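Report on the following structure.
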Amino acid sequence: MPSAVWSPELKANTVGTVRYCVIGTGFAGTCALWHLVRELTVPGRLSLLSRCAITIATVERGPVNGPGYPYAKDNAQPGHRCNNEASTMGIHGNDFVDWLAESKPWLVANHPEHILETHPGIEPAEWKPEDGEFYPRALFGLYLEHRFQDAVRTARDHGIEVQQYTGHEVLDGRTLEEGFSVLLRDLGTGHEFSLNGLDRVLLSTGHWQPTENDALADNEGYISAPYPPGRLRSVVAGRVRSRRTPGVRSRVYVQGMGPSGIDAIMTLCGEGEFTYTADGHVASYQPAPSRREEEPLHIAVGSRSGFFPPVRGPLTGHELTHLTPDALAGIRREHQGQLRIEPILDLLDKDLRIATDGTLGWRDVENPRFSSAREKLESDLRSSRHGNPVYTLVLKARRMRFYRELEPGDKAKYDHLFDTHFIRTAVPMPTVNAEKLIALMDAGVLSTMKHGYAVPPVSVHEDGGFVIAYETADGERSSLRADCVIRAKTQDFSLERHPSALVRNLLRRGEIVPHEELGYVTGGLALDPNGTYRVTRRTGSLPEPSPHLSAYGSPVRFWQNEHNYAAAFVKAAEQVAIDWVYAATEITQCTTARDDSGLITTETRS
């Protein structure tokens with residue numbers, strides 16, 4: 001068992017240690033490790049650190065480093081596609097596509113299902129990776145797993161010690177005189193131990209499901225997440241069997257029409273079969289044969305708007321001519337250095353109307369002019385061939401990263417009223433998913449609904465089932481019954497409801513604080529306002545950048561509102577790596593002193 005004090009043997013002639021720790025080794029953590037090792041092993045740099053033993057610890061709840069939760073093989077089936085093109089997914093450059101090409105013989109021999117999912121009907125040996133393809137998430141997970149171990153090998157080849165704690169969770173953390181300390185628990189044995197004297201720690205813990213506090217959580221038919229798919233299918237099948245009524249078709253309701261909702265639908269339909277045209281498009285869906293000749297499971301999916309994201313296609317040539325950096329500067333001048341959401345939306349509305357010859361504006365983003373989700377999917381598929389100006393301009397507006405400069409009251413307004421429209425419009429789905437959804441509708445398996453923004457859509461019936469409220473096409477209120485509810489909504493950013501003992505304890509100790517502006521808590525943790533990825537902590541009554549903790553990605557609220565996740569992870573990982581390497585040189589200088597005779601002395605650190 002690891003000792004309670006993490007004290008690796010020092011190399012000969014070293015004067016001290018630099019100790020790093022990455023908590024969570026999914027996409028963000030793997031990116032951080034890879035870029036940290038690259039920075040540490042730049043030719044000539046290790047010679048500057050040669051008098052210092054460098055150690056890196058990584059901690060991961062899962063059994064494997066790299067994939068994390070969303071890309072792990074148990075959480076992703078072949079039909080769960082990445083939501084970004086392969087060329088944008090690498091941890092550096094076009095590395096994902098390069099890895100696919102390098103690994104082709106291994107993939108053909110061991111994972112042909114991922115190739116056949118993206119290229120139906122092809123001979124796997126004839127497959128060539130494509131920059132613009134949307135590959136299965138599980139395939140991307142294999143890439144991350146390999147790149148993680150590549151980084152470990154590179155580190156060890158250069159004398160850097162890497163300790164991997166898979167199947168472990170971090171329970172607590174605190175700042176001590178000798179550095180940061182984290183308390184770990186082995187999930188297999190329950191054994192607890194500490195890693196002490198850490199100089200830098202990355203919180204890359206990913207998305208979280210909040211602790212539930214409503215009546216739905218106590219109902220056995222309520223499923224809090226659509227992952228892992230095997231568990232989802234098992235729970236739904238058991239629930240349907242227990243509630244089967246002759247002559248009544250079983251129904252599952254999926255709450256959320258974004259990427260997670262689409263994944264839930266694909267999981268529930270995974271035992272059926274999609275057919276394809278000669279050029280690889282989805283033609284139809286055939287439900288799995290029923291042993292009892294019953295109707296196939298009915299899936300109802302809904303959201304406040306009642307629409308799926310748009311379909312991915314090329315960006316058009318349209319540019320923002322009203323919503324420009326100069327225009328934002330003008331809004332700041334008029335509002336004491338802060339931005340306001342209404343003027344921003346007014347400017348975006350003008351740009352949308354210019355691009356669509358006056359036919360569409362911001363109100364059409366909030367409430368698309370389609371009678372049904374199917375009608376919008378079909379329209380999106382047609383426009384995806386040549387590009388959609390609305391998607392193009394909303395995406396470009398989101399990339400202006402105006403959220404952090406909004407006045408706090410407008411941040412609250414944006415979070416509650418407008419963020420959903422930006423996300424739904426600017427984060428589109430792959431074409432194949434849209435084609436599959438239409439095929440499921442044609443097969444009578446899938447239907448959609450709009451809930452609106454007033455009444456909570458789900459309630460529990462006295463018989464233990466669920467009542468789903470929705471708006472009809474005429475705007476009338478109606479409802480239907482469901483045996484199961486699958487939660488596939490967006491992330492809850494409340495740190496107080498975070499399920500992790502580590503986050504709760506860090507919050508209690510003041511090692512992290514929620515992001516708050518003039519009384520409005522946006523959710524997620526606060527970062528150094530100076531623009532680094534250092535976490536903000538509270539010492540006494542004053543906030544300050546943590547000397548040890550860094551974070552980016554899912555734990556930080558504004559990322560969802562401003563960033564493309566893949567590219568943003570890479571940029572953040574590069575900056576964190578540079579910061580951490582600079583810290584190593586500082587630590588080396590602080591622990592080394594030469595007297596007049598040239599002897600080396602070091603500070604003592606436990």
Side-chain angles (χ1 to χ4, degrees), residues 18-24 26-40 42 45 49 54 56 58 91-92 173-175 179-180 182 198-206 337-338 399-406 411 493 495 502-503 506-507 509-517 521-540 542-590:
V18 177
R19 297 168 178 153
Y20 300 118
C21 182
V22 177
I23 301 175
F27 190 9
T30 298
C31 251
L33 177 70
W34 194 93
H35 285 280
L36 175 61
V37 170
R38 184 175 73 167
E39 287 295 325
L40 288 170
V42 168
R45 177 160 288 156
L49 304 173
I54 301 173
I56 306 172
T58 65
I91 58 176
H92 68 98
R174 67 180 70 195
T175 299
F180 203 80
V182 295
L198 300 171
D199 298 293
R200 295 292 184 270
V201 178
L202 179 69
L203 301 176
S204 51
T205 51
Q338 293 185 308
R399 286 178 176 173
M400 296 185 77
R401 301 177 184 176
F402 57 79
Y403 178 79
R404 270 177 289 181
E405 296 185 59
L406 288 175
K411 271 194 174 71
F493 284 86
L495 289 183
L502 171 65
V503 170
L506 292 177
L507 192 62
R509 296 183 191 283
E511 298 283 3
I512 61 174
V513 297
H515 185 81
E516 179 178 348
E517 298 179 30
V521 179
T522 64
L525 54 80
L527 296 184
D528 174 13
N530 295 318
T532 74
Y533 290 98
R534 299 284 186 89
V535 166
T536 295
R537 69 171 182 171
R538 180 170 288 110
T539 55
L542 298 176
E544 65 176 16
S546 170
H548 304 294
L549 297 182
S550 302
Y552 59 84
S554 301
V556 185
R557 175 62 187 265
F558 66 74
W559 276 64
Q560 174 173 313
N561 297 332
E562 297 180 355
H563 289 283
N564 170 286
Y565 268 74
F569 278 162
V570 172
K571 180 179 178 181
E574 290 171 342
Q575 293 186 28
V576 167
I578 291 170
D579 175 54
W580 283 18
V581 170
Y582 179 73
T585 61
E586 279 191 319
I587 293 164
T588 304
Q589 292 167 358
C590 290

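As the structure is a prediction and not an experimental result, all values here were calculated from the model.
In this structure, V535 and D528 have side chains that are not in contact, with every pair of non-hydrogen atoms separated by 4.5 Å or more. Put simply, the side chain of L33 does not reach to within 4.5 Å of the side chain of L202, judged on heavy atoms. Side-chain contact between V503 and I512 is present, with heavy atoms from C-beta onward closer than 4.5 Å. Residues E544 and T539 have side chains in contact (heavy-atom distance under 4.5 Å, counting atoms from C-beta outward). With contacts defined as side-chain heavy-atom distances shorter than 4.5 Å, the pair T532/L527 does not qualify.
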Acceptor/donor pairs from residues 573-582 side chains to any protein atom, 3.5 angstrom cut, sequence neighbours excluded:
{"residue": "D579", "atom": "OD1", "partner": "R534", "partner atom": "NH2", "Å": "3.3"}
{"residue": "D579", "atom": "OD2", "partner": "R534", "partner atom": "NE", "Å": "3.1"}
{"residue": "W580", "atom": "NE1", "partner": "S550", "partner atom": "OG", "Å": "3.4"}

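Residue C21 holds its SG atom at 9.0 Å from CG of L203, rounded to the nearest 0.5 Å. Between Q338 atom CD and L406 atom CG the span is 8.5 Å, to the nearest 0.5 Å.
Here the side chain of Y20 pairs no donor or acceptor atom with the backbone of T58 at under 3.5 angstrom. Remark: side-chain polar atoms of D199 are paired, donor with acceptor, to backbone N or O of R19 under 3.5 angstrom. With hydrogens and angles ignored, the 3.5 Å screen pairs a side-chain donor or acceptor of S204 with a backbone N or O of I23. A donor-acceptor pair under 3.5 Å links the side-chain atoms of T30 to the main chain of G26, judged by distance alone.
Annotation for P555 and T205: closest pair CG-OG1, 3.9 Å, computed over non-hydrogen atoms. For the pair L502 and G173, the tightest heavy-atom approach, listed with the atom from each and the gap, is CD1-N, 4.0 Å. The minimum heavy-atom distance between F569 and G553, with the atom names listed, is CE2-CA, 3.4 Å. What you find for R404 and K411 is that their closest heavy atoms are O-NZ, 2.9 Å. Across R200 and A583, no two heavy atoms sit closer than the pair NH2-CB, 3.2 Å.
Shown are P514, P529, P545; of these, the side-chain contact (heavy atoms from CB on, under 4.5 Å) with T536 is made only by P529. Considering V201, L525, T175 in turn, V201 is the only one that fulfils the side-chain contact (heavy atoms from CB on, under 4.5 Å) rule with L549.
Using a 4.0 Å cut-off between a side-chain N of Lys or Arg and a carboxylate O of Asp or Glu, E511 and R174 do not qualify as a salt bridge.
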Next on the checklist: Using side-chain contact (heavy atoms from CB on, under 4.5 Å), reason through R537 and L506 one step at a time and then give a plain yes or no.
Outcome noted: CA-CA 9 Å; R537 69 171 182 171; L506 292 177; over 6 Å; no
Checklist entry - Does the side-chain contact (heavy atoms from CB on, under 4.5 Å) test come out yes or no for S554 and F27, once each step is laid out? => result CA-CA 11 Å; S554 301; F27 190 9; over 6 Å; no
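For R538, the side chain to side chain contact (heavy atoms under 4.5 Å, CB included) criterion is met by V513, not counting sequence neighbours.
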